[in-house]
Asks: 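Below is one structure. I have some questions about it.
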Amino acid sequence: MGLTDRLVAAVIGSDAPLDRATIEREVAIVASREAPLASIEDLQAVVDSIVGLGPLEQLLRDPQVTDVLVNSHDEIWVEKAGRLCRARVSFRNDEEVVAAVERVISPLGLRLDRSSPTVDARLADGSRLHAMIPPAAVGHPVLAVRRFTQAVPDLEALVDAGSTDAATARRLAEAVACRKTILVSGATGSGKTTLLNVLSTHIPTGERVVVIEDASELRISGHAVRLEAHPPNLEGRGEITLSHLMRSALRLRPDRIILGEVRGPEALHLLTAINTGHRGSLSTVHANSPDEAKWRLETLALMGGSGIPAGVIRRQLDAGLDVIVQLERRQGLRCISEVSGL
């Protein structure tokens with residue numbers, strides 16, 4: 001049995017409460033007795049193996065890492081500065097991958113097994129976790145962790161990074177201040193949430209903003225009310241959908257609504273909101289161009305099964321949506337490639 005395994009077994013056998021601070025103290029006590037020559041890195045690995053994602057934790061402690069991607073127990077990738085590279089860490093087997101996921105999702109009332117082979121979770125630091133096991137994943141469990149970043153840049157920082165030019169940044173800031181309804185479009189990892197955070201900083205102080213997200217990521221300051229969707233529990237009950245939250249948001253007297261991402265029939269409620277006095281609302285959608293963003297929003301609105309003709313929804317889109325900002329990744333840089341409506 002290796003050093004890490006011996007210390008893990010000793011700490012678990014001590015019946016210490018499974019919170020990180022307590023486990024760190026207990027590991028130090030046990031190590032002073034069982035392995036006095038163990039390094040700080042060895043002790044940290046023990047803690048990570050008890051209350052964290054095991055070897056992934058050292059990757060997540062790197063502030064430059066934005067994504068951690070596990071393709072199998074011995075194939076792990078990270079994204080740093082917009083580029084993917086192979087990590088030098090691994091699990092010993094697929095069972096360790098599943099065990100690591102179960103450690104962090106069980107306190108959230110979630111599970112991962114053959115009857116429920118996929119799971120979405122928000123970790124304690126706000127990062128998002130998505131995991132899949134066979135039969136949903138072929139051959140090996142797969143895992144993706146999207147890091148939460150506390151710091152929110154401003155438009156000037158995006159200009160300095162080459163993500164946009166000063167003129168576009170100025171016009172976007174003016175559009176938010178003038179209550180233009182803005183939709184941010186782009187692929188996964190193109191920087192939609194980051195730009196939404198940046199744009200929200202230009203909402204005038206004193207306006208009441210209702211923020212709706214599938215998983216809480218946005219950092220909206222000022223007079224903000226935060227709502228978050230929730231998956232069903234182990235009995236299949238208690239689900240709170242984005243559509244439900246959108247309906248509730250309209251009763252909370254918002255000046256603006258920020259919908260983190262439109263991905264389903266809640267699109268119809270968003271169109272209703274921006275056409276009934278909630279101008280200046282902000283949201284994001286997965287699409288490859290401004291035109292495709294409008295088509296996708298129309299399609300998602302039709303998914304609600306309300307019976308509203310497509311032509312009526314299209315007119316609501318044309319009347320309520322002012323600006324579409326298209327994002328893309330170029331050689332690792334997230335940038336604004338097109339702006340429609342400014």
Asks: Quick one, R179 with D322, criterion salt bridge (charged side-chain N to carboxylate O under 4.0 Å, His left out). Give me CA distance, side-chain angles, the key distance, then yes/no.
Replies: CA-CA 9 Å; R179 298 185 64 83; D322 300 308; over 6 Å; no

Asks: Taking 4.0 angstrom as the limit, do D214 and R128 come out as a salt bridge?
Replies: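 No, this pair does not count.
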
Asks: Among side-chain atoms of E79 and W77, is any donor-acceptor pair under 3.5 angstrom?
Replies: no

Asks: Looking at A273, is its backbone amide N or carbonyl O close enough to the side chain of H278 to form a donor-acceptor pair, meaning the two atoms are under 3.5 Å apart?
Replies: yes

Asks: With distance as the sole criterion, is a donor-acceptor pair present between the side chains of H286 and T188 under 3.5 Å?
Replies: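 Their side chains do contain a donor-acceptor pair, which is all the 3.5 Å distance test asks for.
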
Asks: Nearest heavy-atom pair of I324 and P290: which atoms, and what distance?
Replies: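 Looks like CD1-O, 3.5 Å.
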
Asks: Say you draw a straight line from CD1 of I336 to OG of S190; how long is it, rounded to the nearest 0.5 Å?
Replies: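 Here the rounded value is 10.5 Å.
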
Asks: Taking all non-hydrogen atoms of both residues, which atom of R329 and which atom of G189 are closest, and how far apart?
Replies: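 Taking every non-hydrogen atom into account, CD-O, 3.2 Å.
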
Asks: Quick one: OG1 on T241 to NE2 on H269, what's the gap to the nearest 0.5 Å?
Replies: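 The NE2 atom of H269 is 7.5 Å from OG1 of T241, to the nearest 0.5 Å.
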
Asks: Looking at H202, I'd like to know if its NE2 atom is crowded, meaning that more than 12 non-hydrogen atoms belonging to other residues, nucleotides or ligands lie closer than 6.0 Å.
Replies: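 More than 12 heavy atoms, drawn from other residues, nucleotides or ligands, come within 6.0 Å of this atom.
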
Asks: On a heavy-atom basis, which atom in T118 and which in A136 lie closest, and how many Å separate them?
Replies: CG2-CB, 4.0 Å

Asks: Can a salt bridge be assigned to the pair R122 and D120 using a cut-off of 4.0 Å between side-chain N and carboxylate O?
Replies: no

Asks: Hey, could you give me the CD1/CG distance between I220 and N197, rounded to the nearest 0.5 Å?
Replies: 5.0 Å

Asks: Could you tell me if E261 and T284 have a donor-acceptor pair between their side chains, going purely by distance under 3.5 Å?
Replies: no

Asks: May I ask you to check whether over 12 heavy atoms, not counting those of E75, lie within 6.0 Å of atom CD?
Replies: yes

Asks: To the nearest 0.5 Å, what is the distance between CE on M303 and CD on E298?
Replies: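 Rounded to the nearest 0.5 Å, the CE-CD separation comes to 13.5 Å.
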
Asks: Is a salt bridge present between R226 and E228, judged by a nitrogen-to-oxygen distance below 4.0 Å?
Replies: no

Asks: Using modelled atom types only, decide if a donor and an acceptor are shared between the side chain of S281 and the backbone of I258 within a distance under 3.5 Å.
Replies: no

Asks: Could you please spell out the steps behind the side chain to side chain contact (heavy atoms under 4.5 Å, CB included) verdict for D255 and I203?
Replies: CA-CA 10 Å; D255 292 310; I203 295 175; over 6 Å; no

Asks: Indicate yes or no for a side-chain donor-acceptor contact from R256 to the backbone of S200 under 3.5 Å, with no hydrogens or angles considered.
Replies: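 Judged by distance alone, no pair lies under 3.5 Å.
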
Asks: Tell me the closest heavy-atom pair linking V323 and K180, and the distance in Å.
Replies: CG2-CB, 4.4 Å

Asks: Tell me whether R86 at atom CZ has more than 12 heavy atoms from other residues, nucleotides or ligands lying less than 6.0 Å away.
Replies: yes

Asks: Is any side-chain heavy atom of L129 closer than 4.5 Å to a side-chain heavy atom of L53?
Replies: yes

Asks: State whether the number of non-hydrogen atoms from other residues, nucleotides or ligands found under 6.0 Å of R88 atom CZ is greater than 12.
Replies: no

Asks: How many angstroms lie between atom OG1 of T66 and atom CZ of R147, to the nearest 0.5 angstrom?
Replies: 8.5 Å

Asks: Rounded to the nearest 0.5 Å, what's the gap from CZ on R92 to CG on D74? Could you check?
Replies: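 Reported value, rounded in 0.5 Å steps: 13.5 Å.
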
Asks: For a quick check under 3.5 Å, do H140 and D94 share a side-chain donor-acceptor pair by atom type?
Replies: yes

Asks: Under 3.5 Å, is there a donor-acceptor pair between the S115 and D113 side chains?
Replies: yes

Asks: Quick check against the 3.5 Å criterion: does E213 have a side-chain atom that pairs as donor or acceptor with the backbone of L218?
Replies: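 A pair under 3.5 Å: yes.
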
